[in-house]
Protein chains: 2
Amino acid sequence: MPEQQAESLRERKKRRTRQSIIDVAHALFHVNDYDTTTVEAIAAGAEVSVRTFFRYFANKEEVALAPLDEMGELTLTALRRRPADEPPLTALRAAVLDAWTIMSPDGESLRHYTDHLLPIGKASALAGAAQNRIVALGDRFALEFVEGDDAGGPQPRTDLHASLAAFAFLAAVQVAVRAWCASDSTDPADLVANALICLDSLVVERNSAHRA
Amino acid sequence: MPEQQAESLRERKKRRTRQSIIDVAHALFHVNDYDTTTVEAIAAGAEVSVRTFFRYFANKEEVALAPLDEMGELTLTALRRRPADEPPLTALRAAVLDAWTIMSPDGESLRHYTDHLLPIGKASALAGAAQNRIVALGDRFALEFVEGDDAGGPQPRTDLHASLAAFAFLAAVQVAVRAWCASDSTDPADLVANALICLDSLVVERNSAHRA
DNA sequence: TTGCCATGTGGCAGTTCGTGCCATATATTC
DNA sequence: GAATATATGGCACGAACTGCCACATGGCAA
């Protein structure tokens, strides 16, 4: 059998356990909220011990933000598929739209993503943790724009510009997401619309509205 | 006595206790690091009970980030002094430079600020909490650009643009701060230089460097 | 001064998150 | 089927908080 399953029984079990924990956790987050849901309850629901829970996830935040991480990976993958000579913001804009729409033709991926967005937006304790992940993601985005240059050493200017593009982009997405969470819409299309407004106005920001 | 002291004895004691906690905490953060410094040790150093510590600060992060909050307030004050017809990013850029330089002629304020920046940058646990404060600050910045308009109701487009300006600005500052923390410089002037690069390139981002 | 009231403080018990350690159970390999 | 590797569970423990109650201290009026 050439196309043997690469996953051993052990790995399959681990994968299922991990997914089970995620599912149970988010189900509980939906009923109660994040803060009042204890790790003990999640572990019990997933039929593992609390100790084992912490072997799969370093902390409670991590399981809550797992979907966000997934979307980050999707976007990073989409970014790497963009032509190498594209300006950073253009590439990032296209990448996130790819990750949100094209990469899930039925829109299920985006729906699955937005379903977990509200609980995150409501739990203020999660906002900080989410920002941590976003910073890490921004650094990886930035790397895409500097690596490949001749010298491997630090290039302050280039690094600054690459980081700036990445984090300005992430700021735009976050503004869109936060506005979407604050609105009473549950339609992912509204989120995309918000994101388009923000991303488009990012590059023409210098001409934007004046103060009140 | 018309110019009587507005502060009662009680308020003076509270202020001193609060400042004492902050000072002791940051001194300890400097010796050990943030994570290994216990609230118990801080409370003991400030000669208050742990219970009282938590009456002054909701959590350990809050005392660590107190200097950051101060600088945020300074910047917000500086922003409000800018002419009302200035474009958002221009006003924000001027405001933060004012807060960092002009508002403390001797540069002591900025030095005092940067002294606390390194410990924050090193403690990853603090990064998330810092982001929380920054988000709150961004919202207040954004309010400066929408309030005063005729209708008090929500104006999605305006809000999006105002928020975007605020958070893109904050992203630029953060990139500058992070780069400064990552470098081995302890000179506040280098931080200002970084910030200038980031803020200036933010408005011309569309013409910036291409991918590797 | 004396007394009353508001408020700041300390101590203690208890909950939750998170970790180190060790014994046990389950998978993999030979 | 034995030897080995790895996953799991249980327990004890530390640290961050919180609620509750008793006490002390400052502010104020008679």
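Per chain, numbering begins at 1; letters A, B, ... match sequence-line order. Since the model is a prediction, treat every value here as computed from it, not as a measurement.
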Rounded interatomic separation in angstrom, taking NZ from B:Lys14 and P from C:dT9: 7 Å

N or O in side chain of B:Thr38 less than 4.0 angstrom from D:dA15 OP1/OP2: no

Whole-Å distance separating the CD atom of B:Glu62 from the P atom of D:dA16: 15 Å

Whole angstrom value for the distance that separates C1' of C:dT16 from OH of A:Tyr34: 11 Å

B:Glu40 CD to C:dG11 C1', straight-line distance once rounded to whole Å: 13 Å

Whole-Å distance separating the CD atom of B:Glu47 from the P atom of C:dG8: 20 Å

Distance test, side-chain N/O of A:Ser49 to OP1/OP2 of D:dG10, below 4.0 Å: no

Heavy-atom protein contacts under 4.0 Å, nucleotides 18-30 of chain D, coded B base, S sugar-phosphate only, - none: BBB----BBS---

Integer-rounded Å distance: D:dT6 P and A:Arg12 CZ: 18 Å

Whole-Å distance separating the CZ atom of A:Arg16 from the C1' atom of C:dT26: 14 Å

Backbone of B:Asp187 reached by a side-chain donor or acceptor of B:Trp180 within 3.5 Å: yes

NZ/NE/NH1/NH2 to OD/OE distance under 4.0 Å, B:Glu11 and B:Arg16: no

Ion pair check, A:Arg140 and A:Glu73, cut-off under 4.0 Å: yes

B:Tyr56 side-chain proximity, nearest of C:dT9, C:dT16, C:dG10: C:dT9

N or O in side chain of B:Lys60 less than 4.0 angstrom from D:dC17 OP1/OP2: no

Integer-rounded Å distance: D:dG9 C1' and A:Ile21 CD1: 14 Å

B:Thr36: which of B:Asn32, B:Thr38, B:Asp33 passes side-chain hydrogen bond (donor to acceptor under 3.5 Å, both in side chains): B:Asp33

Pair B:His30 + B:His26: ring centers closer than 6.0 Å: no

Side-chain donor/acceptor of B:Thr52 to backbone N/O of B:Val48, under 3.5 Å: no

Salt bridge flag under 4.0 Å for residues B:Asp139 and A:Arg178: yes

Sugar-phosphate only, base, or nothing, as touched by A:Thr36 at under 4.0 Å among non-hydrogen atoms: nothing

